[in-house]
Colleague: 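Before anything else, here's the structure in question.
Note that the coordinates shown come from a computational prediction; the quantities given were computed from them, not determined experimentally. Proteins get letters first, then strands, A, B, ... in listed order; numbering begins at 1 in each.
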Amino acid sequence: MTDTRKSPTLALALALVALFWISPLSWVAFNAVDPLADGTLRWPQAFGLANFSKAVAGESGRQFLNSVYVALLTSTLTTVFAGLAAYPLSRVRIPGRNAILWALVLLRMLPATGIIVPIFFMAQSTGLLSLTGVALAITMINLPFTLLLLKNFFDTVPLELEEAAYSEGASLFRILWNVVLPMSRAGLSVVWFFSFINAWNEFLLPLIFVRKTADFPMSVGLFNSFGEHSSVDYGFLAAYSLVYALPAVAVYFLLRRNLSTGFAGVGVKG
Amino acid sequence: MFDDAKPWIQRDWKLVAAMLIPAIAVIALLLYMAGWILVMSFTDLALFGRKATEWSFVGFDNYERLFKRRGFLNSLWVTTVFTVFSAIIGQNILGFAMAAALRNTGRFTKSFVEGAVILGWILPDVVAAYVWSATFTENGLVDLAILQPFGIETRNFINDHPLFVVIVANVWKGAAWSYILYSAALDTVPSEVVEAARVDGATPLQRAWHITLPILRPHIATNCLFITISSFVYFPLIYALTGGGPGRKTQVLSIFVYQESFAVGKLGYGSAISVAMVLIVAFLSIFYVRLLKDPR
Amino acid sequence: MTGVVLNDVRKSYGDLQVIHGIDLSIDPGDFIVFVGPSGCGKSTLLRMIAGLERISDGTVSISGRVVNDVPAPDRGISMVFQSYALYPHMTVGDNMAFGLRIRRTPAERIRETVGQAAEALQLGQYIDRLPKALSGGQRQRVAIGRAIVREPEVFLFDEPLSNLDAALRNQTRMEIARLHREIGATMIYVTHDQIEALTLATKIAVLKDGELQQFDTPDRVYNQPANTFVAGFMGAPPMNLVAAEIIAGDGGAAVAVLERAGQPPVHVGLPASRKRLVGRRVVFGLRPEAICSGPVGSRPDHAEIDVDIDYVEVTGADRIAVTNFTSGPFYARLPADADVHEGRRARLNFDRDKINVFDADTGARIAEETP
Ligand SMILES: Nc1ncnc2c1ncn2[C@@H]1O[C@H](COP(=O)(O)OP(=O)(O)OP(=O)(O)O)[C@@H](O)[C@H]1O
Ligand SMILES: [Mg+2]
């Protein structure tokens, strides 16, 4: 019906959309590859990877690893906890199940900024004002949403499949491992991806949890260096931004196929 | 307790019960923290100074202060403007329009536009803040590419129109979510229904208005609920872009909470703001859920 | 080989009882079909035998062993589900091998068994495909293959053909019959398709509202239904049921008076074996195919009735004449060349010995007296 070749208005609109999304990145891209970058928007005066080598060396490299640590720990914990609890919530009529589900729905709405104070104090009193503490806190905040999401996915696994596996002699573990989990791959991917990206991007928690620059994840690292305007090395900052963005983009494109089915589930069930 | 459950669950019921423990512990912890906030909002607890140890209950003082001092009402207004323009209007409408427009375009166009939009979504908040700060700064992309060619005086948008900048940045950052949901939702509209309307002579606009939109109503409500709430409590992009300033021009509620609690150190007052935020979010949720259920 | 015995089996969901005490004794090697209307409890009963549903009361025994508390995998059964329940992420071969792998069967032996089953079911070339790349009939065969490789003593099928089209259903039905002949295992099969029931079963169990109505050979279920429910349920079109009052005729012979709407009642003399019915209100049951048409006196031994034909349905081999004999429709299955026409009057006749008689109040069959 509407083909871009037949409808020039549509083609123009889509071109503008693409331009709106791509063009702001030009500044970062130009400055990152320009060792002589001075922060103005201009075509690169020279090409070189010097900025990138600064952005992955020394403290910056540490910060990269810190981010990897927080993101992997968070996504693993979230997926495991949510997966474990989602199965009984989906399959067993536990007394109080509805109360739990309602609590989850409400807690999912609870803004993280709203409970940041108790989180901070709790981390302080348990000695968790650290990257591990950040990961645990994000896991906690993510859990209501991811748990509900995964429960919805488990709900769609036909019970007959589990019955078939059971009557063939499969144990609970086998049923979970060989039937439920493989069939919920899309849901697990979405949950893993969500918690990974959330943790990778998380800014507020490390901002208040972590004091030493060597312990910063990249979000706070980047924020910190672009606050100090006078002595900013713009080429370095641009390269650092790209290095910081790359894993998130890569994870998305690696999981893309699984995610698109998963997102459909998010939309319908809410 | 597992009497009615499936036999493989009954057989290993202890394991199944154990599987629930981490989640229940986390839920309990979250509820505990929510309760903590509520209690704290009735005290004058401070982060540092004398009130950090010798705090006392002050009744509704903190809540009164919400309405007597300028800070909260200003933030509420800023947050509302930000949410309405960036989420409900910007992300929602743009996301829907793109989902509809990209349904019938060629593979390449679709992948390219979709990839660009999703890139904005995937980029970390602080990077996005950095990108938009560079775009709207004096002699940034907007000045060079739009204002200068038309002979308009260049300016630093972040100083002159800060709320506009964060709204644009949030549209850029978040429209992909609405796009993804609406793409999936449009796939669920049965093509026979739309074709039937076409056979009946409905124009494309009539088909969209009378057929597609009503069918997608629950998806639209769900999406609006989601993006409204997430924009309402959004923190990192705005904070990294403007820090809430200049002055209080972009001080949304989440930044206000953060600053009152951790910069000013008034934890009691900060908690009262948090409680107010939670109540507003709950109210919004109820509103959208009503919208979701009630067909007419 | 193994028999299955159900002893006063009951099932309740909370306060709601859905199976009300069923006794059934299934001989080794039998092919039993459970039929009944939707919601009558066929699947529930089958799943209790399978061990997928707790038995609220009574006992189920397999090979003389009470299995109420034996887990499903240890009962020596295999189940074929209505939706096939194939694992969508496993290939055909892996689907069939899954149960064997769990039992730690040696790999060599698994390959052999699965290979044989796949050959027997003509699935050899699909062994590495995923279920979604198979047709409905092929998926069905994989499900059966998965049941076979475990070499169970009892096969359980829950409406295994209901997702197939008519042609495929016939073909698969014959394959299941062949499978039963070859393996000789006990099979229990749920369906609400009477053709499947009548062709496959060695014995049919007819259920209604969680109660057993009749358990007998297909021939007897069809020709001598235990009550009016079974009579009306089996056969398409179903058995004609007509209310009658029995009076004493000449010499004490029983004569049935069939009331007709707006027309004089019909009198039908009954054979001597029905003498004791005199004075009772009963229901006559007459199979449509027991009815013939023909000119007056063409079959002197038959009872004759005159009817107005409302409608004639030509099905190829037969003409099905529908009339309004008493209250509901009354069907006669006649040969294709029968001289019956819509809107005309016709004379039908039937063999008095083929009349089934049921009690008007209880609906239970009243047997013929043996002289
Ligand atoms: N989990 C349950 N809780 C309550 N009632 C149930 C449950 N499962 C089944 N029933 C009821 O038990 C009765 C028997 O159900 P069953 O599935 O055995 O019927 P069926 O004969 O197999 O029907 P169909 O031909 O439609 O498959 C039905 O009335 C059904 O509503
Ligand atoms: Mg059933």
Side-chain angles (χ1 to χ4, degrees), chain A residues 1-4 10 13-14 17-18 21-28 40-41 81 84-85 87-88 91-95 100 103-104 107 109-111 113-119 140 143 147 162 166 172 175 197 200-201 203-204 208 219 222-223 226 241 244-245 248-249 252 263-264 267 270, chain B residues 1-2 4-5 7-9 12 15-16 19-20 22-23 26-27 29-30 33-34 36-37 98 101 104-105 109 112-113 116-117 120 122-127 130-132 134-135 139-141 144 180-181 184-185 219 222 229 233 235-236 240 254 257 261-262 267 270-271 274 277-278 281 285:
Chain A
M1 284 189 304
T2 40
D3 196 299
T4 34
L10 181 65
L14 287 176
V17 163
W21 258 275
I22 296 285
S23 61
L25 300 176
S26 56
W27 186 90
V28 184
T40 52
L41 178 63
F81 284 0
L84 283 178
Y87 182 75
R91 291 296 194 243
V92 191
R93 262 181 279 153
I94 318 160
I100 296 180
L104 288 174
L107 287 174
M109 308 291 178
L110 192 69
T113 19
I115 53 167
I116 200 76
V117 174
I119 290 180
M140 183 178 79
L143 205 66
L147 182 50
E162 286 174 57
Y166 164 69
L172 175 70
I175 291 174
I197 293 290
W200 187 260
N201 293 358
F203 173 62
L204 177 59
I208 58 174
S219 53
L222 181 60
F223 177 72
F226 108 111
S241 297
Y244 178 30
V249 177
Y252 174 77
F263 286 139
Chain B
M1 116 180 205
F2 289 103
D4 237 16
W8 60 92
I9 292 175
D12 278 326
L15 185 60
V16 175
M19 286 160 67
L20 275 171
V26 166
I27 293 172
L29 204 58
L30 281 172
M33 289 182 177
W36 188 347
I37 285 282
M98 285 188 296
N104 301 303
T105 52
T109 318
F112 182 73
V113 178
V117 174
I122 297 294
L123 282 194
D125 293 295
V126 186
V127 174
Y130 191 31
V131 161
W132 279 101
T135 304
N139 291 320
L141 183 69
L144 295 185
I180 291 171
L181 282 197
H219 301 265
T222 312
I229 291 176
V233 302
F235 174 81
S254 59
V257 172
S261 305
F262 289 94
L267 295 178
S271 300
S274 295
M277 246 169 114
V278 172
V281 166
S285 310

Colleague: Among B:V117, B:D12, B:D125, who wins on heavy-atom pairs under 4.5 Å with chain A?
Modeller: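 Winner by heavy-atom pair count: B:V117.
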
Colleague: If I measure from the heavy atoms of chain B, does A:I175 come under 4.5 Å with its side chain, its backbone, both, or neither?
Modeller: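 Side chain only.
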
Colleague: Which one, B:T135, B:V257, B:V131, leads in non-hydrogen pairs under 4.5 Å with chain A?
Modeller: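 Between B:T135, B:V257, B:V131, the count favours B:V131.
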
Colleague: Looking only at atom types and distance, does a side-chain atom of A:S26 sit under 3.5 Å from a main-chain N or O of A:I22, one as donor and one as acceptor?
Modeller: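 No; judged by distance alone, with no hydrogens or angles, the pair does not exist.
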
Colleague: Indicate the atoms forming the closest heavy-atom contact of B:L20 with A:A85, along with that distance.
Modeller: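 In terms of heavy atoms, the two residues are closest at CD2-O, 3.9 Å.
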
Colleague: Top residue by heavy-atom pair count (under 4.5 Å) with chain A, among B:L123, B:L30, B:L267, B:L15?
Modeller: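 Highest number of pairs under 4.5 Å: B:L30.
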
Colleague: Can you tell which part of B:V127 gets under 4.5 Å to a heavy atom of chain A, answering side chain, backbone, both or neither?
Modeller: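 B:V127 touches chain A through backbone and side-chain heavy atoms alike.
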
Colleague: Could you label the plane-to-plane angle of the A:F203 and A:F223 rings as parallel, tilted or perpendicular, counting under 30° as parallel and over 60° as perpendicular?
Modeller: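 Rings of A:F203 and A:F223: perpendicular, over 60°.
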
Colleague: Examine whether an atom of A:V17 lies under 4.5 Å from a heavy atom of chain B, and if so say whether it belongs to the side chain, the backbone or both; otherwise answer neither.
Modeller: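 For A:V17, side-chain heavy atoms alone lie under 4.5 Å from chain B.
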
Colleague: Between A:L14 and B:T105, what is the shortest heavy-atom contact and its length?
Modeller: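 Closest pair (atom of A:L14, atom of B:T105, distance): CD1-CG2, 3.9 Å.
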
Colleague: Side chains of A:P118 and B:I37: does their closest heavy-atom pair fall under 4.5 Å?
Modeller: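 In contact.
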
Colleague: Around atom CZ of B:F262, are there more than 12 heavy atoms of other residues, nucleotides or ligands at under 6.0 Å?
Modeller: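 Buried by this count: over 12 neighbours within 6.0 Å.
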
Colleague: Given heavy-atom pairs under 4.5 angstrom as the criterion, report whether the side chain, backbone, both or neither of B:I27 touches chain A.
Modeller: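 It is both, since atoms from each part get that close.
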
Colleague: Which bit of A:L104 comes within less than 4.5 Å of chain B, counting heavy atoms only: side chain, backbone, both or neither?
Modeller: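 It is the side chain, since no backbone atom gets that close.
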
Colleague: Return the option, out of A:Y166, A:W200, A:F81, with the maximum number of heavy-atom pairs under 4.5 Å with chain B.
Modeller: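 Most heavy-atom pairs within the cutoff with chain B belong to A:Y166.
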
Colleague: Name the option with the most non-hydrogen atom pairs under 4.5 Å to chain B; the candidates are A:A13, A:A18, A:P24.
Modeller: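 Option with the top pair count is A:P24.
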
Colleague: Select one option (side chain, backbone, both, neither) describing which atoms of B:A240 are under 4.5 Å from chain A's heavy atoms.
Modeller: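 For B:A240, the contact with chain A is made by backbone and side chain together.
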
Colleague: Less than 4.5 Å to any heavy atom of chain A: does that hold for the side chain of B:I229, its backbone, both, or neither?
Modeller: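 Just its side chain gets close to chain A.
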
Colleague: Please look at B:W36 and chain A and tell me whether the side chain, the backbone, both or neither of the residue comes under 4.5 angstrom of a heavy atom of that chain.
Modeller: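 For B:W36, side-chain heavy atoms alone lie under 4.5 Å from chain A.
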
Colleague: Please classify the contact between A:L143 and chain B as side chain, backbone, both or neither, with a heavy-atom cut-off of under 4.5 Å.
Modeller: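 Just its side chain gets close to chain B.
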
Colleague: Where does A:I115 contact chain B at under 4.5 Å (heavy atoms): side chain, backbone, both or neither?
Modeller: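 It is both, since atoms from each part get that close.
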
Colleague: Counting C-beta onward and ignoring hydrogens, is there a side-chain heavy-atom pair between B:T222 and B:L181 closer than 4.5 Å?
Modeller: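 No; the side chains remain at least 4.5 Å from each other.
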
Colleague: Would you mind checking which part of B:S254 comes under 4.5 Å of any heavy atom in chain A, side chain (CB onward), backbone (N, CA, C, O), both or neither?
Modeller: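 Contact with chain A involves both backbone and side-chain atoms of B:S254.
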
Colleague: If you define the side chain from C-beta out and look only at heavy atoms, does anything of A:R91 sit under 4.5 Å from B:V16?
Modeller: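 A side-chain contact under 4.5 Å is absent here.
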
Colleague: Could you report the tightest heavy-atom contact between B:A116 and A:W21, atom names first, then the distance?
Modeller: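 Heavy-atom minimum between the residues: O-CD1, 3.5 Å.
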
Colleague: Under 4.5 Å between any side-chain heavy atoms of B:F235 and A:I116, yes or no?
Modeller: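 No; the side chains remain at least 4.5 Å from each other.
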
